[in-house]
Amino acid sequence: MLNKNIEKREKRKEYRFSTFVYILFCIFFSLSSQAQCAMCRASLESEGNTAKAAAVNDGIVYLMVIPYVLVGVVGVVVYKMYTKKSIPKE
């Protein structure tokens, strides 16, 4: 029984480390995207103002990221609640 608990702890440590490495990889090696729709791009490029086009592009990316962050936070909370209930503390 004691060996199983030790094995579970080791697996959790490995999982946490691999998750941490994955998150760092995603943060530092992200690709820049061109997130404008065709009509927004056409109207902004016709004006010749590249700073305005870049600002619109950044705004679109910002609006796209918010739902993913919210889902991630909810996922972490559910995971913490599940692990707190299922694994007894010694």
Side-chain angles (χ1 to χ4, degrees):
M1 184 70 168
L2 185 61
N3 288 338
K4 286 186 179 183
N5 288 337
I6 293 171
E7 288 177 16
K8 285 181 182 179
R9 287 183 187 163
E10 290 298 320
K11 285 183 181 181
R12 280 197 309 257
K13 286 181 184 177
E14 290 175 10
Y15 176 74
R16 287 179 185 160
F17 178 74
S18 62
T19 303
F20 178 72
V21 170
Y22 176 74
I23 290 171
L24 281 179
F25 182 79
C26 289
I27 289 172
F28 290 116
F29 297 105
S30 63
L31 301 173
S32 63
S33 62
Q34 299 295 327
Q36 293 176 347
C37 67
M39 293 184 70
C40 295
R41 176 176 285 179
S43 67
L44 289 172
E45 284 179 352
S46 66
E47 293 177 12
N49 189 356
T50 58
K52 194 175 195 180
V56 169
N57 194 20
D58 291 342
I60 292 170
V61 171
Y62 173 74
L63 290 172
M64 180 189 70
V65 168
I66 298 299
Y68 289 104
V69 170
L70 291 175
V71 168
V73 167
V74 169
V76 167
V77 169
V78 168
Y79 174 76
K80 295 264 186 190
M81 288 173 53
Y82 175 73
T83 57
K84 194 180 282 187
K85 288 181 182 179
S86 65
I87 300 174
K89 303 261 178 167
E90 291 184 43

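Along the sequence shown, the residues carry numbers beginning at 1.
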Engineer: Hey, can you pull the donor-acceptor pairs under 3.5 Å for the side chains in residues 17-27, sequence neighbours left out?
Structural biologist:
from : atom 1 : to  : atom 2 : distance (Å)
S18  : OG     : E14 : O      : 3.2
S18  : OG     : Y15 : O      : 2.9
T19  : OG1    : Y15 : O      : 2.8

Engineer: Checking one residue: V74. Which other hydrophobic residues are in its cluster under the side-chain 4.5 Å linking rule?
Structural biologist: V78

Engineer: Between L70 and Y62, is there shared hydrophobic-cluster membership here, with clusters defined by ILVMFWY side-chain heavy atoms closer than 4.5 Å?
Structural biologist: yes

Engineer: Is it possible for you to say whether V69 and V61 belong to one hydrophobic cluster, with membership spreading through side-chain heavy-atom contacts below 4.5 Å?
Structural biologist: yes

